[in-house]
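A short worksheet on the structure shown next.
This structure is a prediction, so every number in the text was calculated from the model and none was measured. Residue indices begin at 1 and follow the sequence shown.
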Amino acid sequence: MSAKLKYLPSSSMKTWVKILAIALLLYVHIGGLLLDVPRLNILNETIRALYFHVPMWFGMVLLFLVSSVYAILYLLKPSSNLDAKSVEFANVGLVFGILGMVTGMLWANYTWGSPWHGDPKQNMAAIALLVYLAYFILRGSIQNEEQKARLSAVYNIFAFTAMIPLIFIIPRMTSSMHPGSGGNPGFNMYDLDSKMRLVFYPAVIGWFLIGVWIAGLRIKVRELEEKILDIQHDQIH
């Protein structure tokens, strides 16, 4: 493995890292549901969604980042392994994005009165996910493996570059009820007290590690499928 790759998440996680990921999420679920939270106006108990909705989005961004880095490395030195890592990290990132969207809609239903309020951050997040859905449509529409990998790598980099302004910049420039957008202060401006931080930060780490673990399993499955196809091809010929 090259020096560039060794600093990226590996498809094979150490056992202790897997145990840590499971322990963190167990702690997050138990602490997130049972520990005291600040009694903020309107939010009240629904603020517990912060432990799930926001960390999933952080996990999504990190997984998409890893995917785009592998896409760049593929363009520099093409290999099926790099392409597989890029697409599987994007796969898991998209799932995290959908889960983040669903948990956000549940939270919005209780705090804003409806699951979809047309809020700029909701709209931009939906567009960002659609951009990544187009990535998989592109991959499915090309038969030639080398061309598929090359074009999807370029699109992957574009998708990540487009996602940053869509979910981090544009909503801050418009009127929005979402915390941290349109002049509305983020939760760090409210009462994200020490107790909530003790659950929130482990949640971010835990969800990301779980995402890396799932991506690694999918990469191994893809490698096994390719080996089986190679064996079948050799047997036929």
Side-chain angles (χ1 to χ4, degrees), residues 8-9 11 52-106 108 115-174 176 178 181 207-208 210-223 225-226:
L8 292 174
S11 58
F52 307 97
H53 168 59
V54 179
M56 282 181 180
W57 276 96
F58 279 145
M60 174 199 73
V61 172
L62 291 172
L63 291 167
F64 281 154
L65 173 61
V66 174
S67 174
S68 64
V69 171
Y70 277 126
I72 293 171
L73 293 174
Y74 174 85
L75 293 174
L76 295 175
K77 191 176 181 180
S79 76
S80 59
N81 180 258
L82 290 173
D83 178 56
K85 289 180 178 179
S86 181
V87 68
E88 294 306 343
F89 273 96
N91 259 317
V92 182
L94 182 62
V95 172
F96 271 42
I98 294 172
L99 290 174
M101 180 71 73
V102 171
T103 52
M105 290 171 65
L106 290 172
W116 197 269
H117 205 274
D119 186 81
K121 196 144 193 174
Q122 281 186 321
N123 293 338
M124 294 301 104
I127 293 172
L129 292 181
L130 289 174
V131 170
Y132 266 97
L133 280 172
Y135 165 78
F136 295 101
I137 294 174
L138 173 66
R139 288 190 67 90
S141 65
I142 303 173
Q143 298 300 320
N144 182 278
E145 293 298 323
E146 183 179 347
Q147 186 181 29
K148 175 194 299 185
R150 185 171 64 254
L151 290 178
S152 61
V154 173
Y155 185 89
N156 192 341
I157 298 167
F158 158 76
F160 184 78
T161 304
M163 180 185 68
I164 301 304
L166 283 172
I167 66 177
F168 290 115
I169 298 177
I170 296 177
R172 293 179 180 274
M173 300 170 64
T174 58
S176 171
H178 199 284
S181 302
W207 285 116
F208 175 62
I210 289 293
V212 173
W213 188 358
I214 295 172
L217 292 175
R218 290 183 60 88
I219 291 166
K220 287 183 177 179
V221 170
R222 180 182 285 264
E223 291 173 348
E225 290 175 345
E226 290 179 355

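- Closest non-hydrogen pair, Ile167 versus Ala125, comes out as CG2-CA, 3.9 Å.
- Nearest heavy atoms, Val212 versus Leu63: N-CD2, 4.0 Å.
- Within the structure, ring-ring contact (aromatic ring centres under 6.0 Å, His included) contacts touching residues 134-167 (residues at least two apart or in different chains) are Tyr155-Phe158.
- Atom CG of Leu106 is separated from atom NE2 of His53 by 10.5 Å, given to the nearest 0.5 angstrom.
- Listed by chain and residue number, Ser67, Ser86 satisfy the side-chain hydrogen bond (donor to acceptor under 3.5 Å, both in side chains) test with Asn156 (two or more places apart in sequence, or in another chain).
- Minimum interatomic distance between Ala84 and Val87 (heavy atoms only, all atoms of both residues): O-CG1, 3.2 Å.
- Each salt bridge (charged side-chain N to carboxylate O under 4.0 Å, His left out) pair with one or both residues in residues 69-84, not counting sequence neighbours, appears once here: Asp83-Arg139.
- Applying the side-chain contact (heavy atoms from CB on, under 4.5 Å) rule to Leu62 yields the partners Phe208; only residues at least two apart in sequence or on another chain are considered.
- In this structure Tyr74 satisfies the ring-ring contact (aromatic ring centres under 6.0 Å, His included) test with no other residue, sequence neighbours excluded.
- Rounding to the nearest 0.5 Å places OG1 of Thr103 at 11.5 Å from CD1 of Ile98.
- Between the CG atom of Asn81 and the OH atom of Tyr70 there is a distance of 8.0 Å, given to the nearest 0.5 Å.
- If you take CG on Leu94 and CG on Leu133, they are separated by 5.0 Å, rounding to the nearest 0.5 Å.
- Residue pairs meeting the salt bridge (charged side-chain N to carboxylate O under 4.0 Å, His left out) criterion with at least one partner in residues 90-101, sequence neighbours excluded, are absent.
- Remark: the backbone N or O of Pro115 is paired with a side-chain donor or acceptor of Gln122 at under 3.5 angstrom.
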Can you check side chain to side chain contact (heavy atoms under 4.5 Å, CB included) on Ile219 and Glu223, steps first, answer last? CA-CA 6 Å; Ile219 291 166; Glu223 291 173 348; 3.7 Å; yes
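- Minimum interatomic distance between Ala128 and Met163 (heavy atoms only, all atoms of both residues): CB-CG, 4.1 Å.
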Check against side chain to side chain contact (heavy atoms under 4.5 Å, CB included), Leu129 and Met60: CA-CA 10 Å; Leu129 292 181; Met60 174 199 73; 4.1 Å; yes
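- Nearest approach of Pro55 to Trp207, heavy atoms of both residues: CB-CD1, 3.4 Å.
- Pairs passing the salt bridge (charged side-chain N to carboxylate O under 4.0 Å, His left out) check and including a residue from residues 60-69, sequence neighbours excluded, do not occur.
- Pairs of residues two or more places apart, or lying in two chains, never qualify as salt bridge (charged side-chain N to carboxylate O under 4.0 Å, His left out) while including a residue from residues 54-73.
- For Glu225, there are no salt bridge (charged side-chain N to carboxylate O under 4.0 Å, His left out) partners at least two apart in sequence or on another chain.
- In this structure, Ile72 CD1 and Leu82 CG are separated by 11.5 Å, a value rounded to the nearest 0.5 Å.
- The CD atom of Gln147 sits 10.5 Å away from atom CD of Glu145, with the distance rounded to the nearest 0.5 Å.
- The ring-ring contact (aromatic ring centres under 6.0 Å, His included) test applied to Phe168 returns no partner, not counting sequence neighbours.
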Please report the C-alpha distance between Ile157 and Leu75 in whole Å, then the side-chain angles of each, then the deciding distance to 0.1 Å, and finally whether the side chain to side chain contact (heavy atoms under 4.5 Å, CB included) criterion is met. CA-CA 10 Å; Ile157 298 167; Leu75 293 174; 3.6 Å; yes
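- The shortest heavy-atom contact between Met56 and Gly100 is SD-N, 4.0 Å.
- Contacts of Phe52 classified as ring-ring contact (aromatic ring centres under 6.0 Å, His included), with partners at least two apart in sequence or in another chain: His29.
- Contacts of Phe64 classified as ring-ring contact (aromatic ring centres under 6.0 Å, His included), with partners at least two apart in sequence or in another chain: Tyr132.
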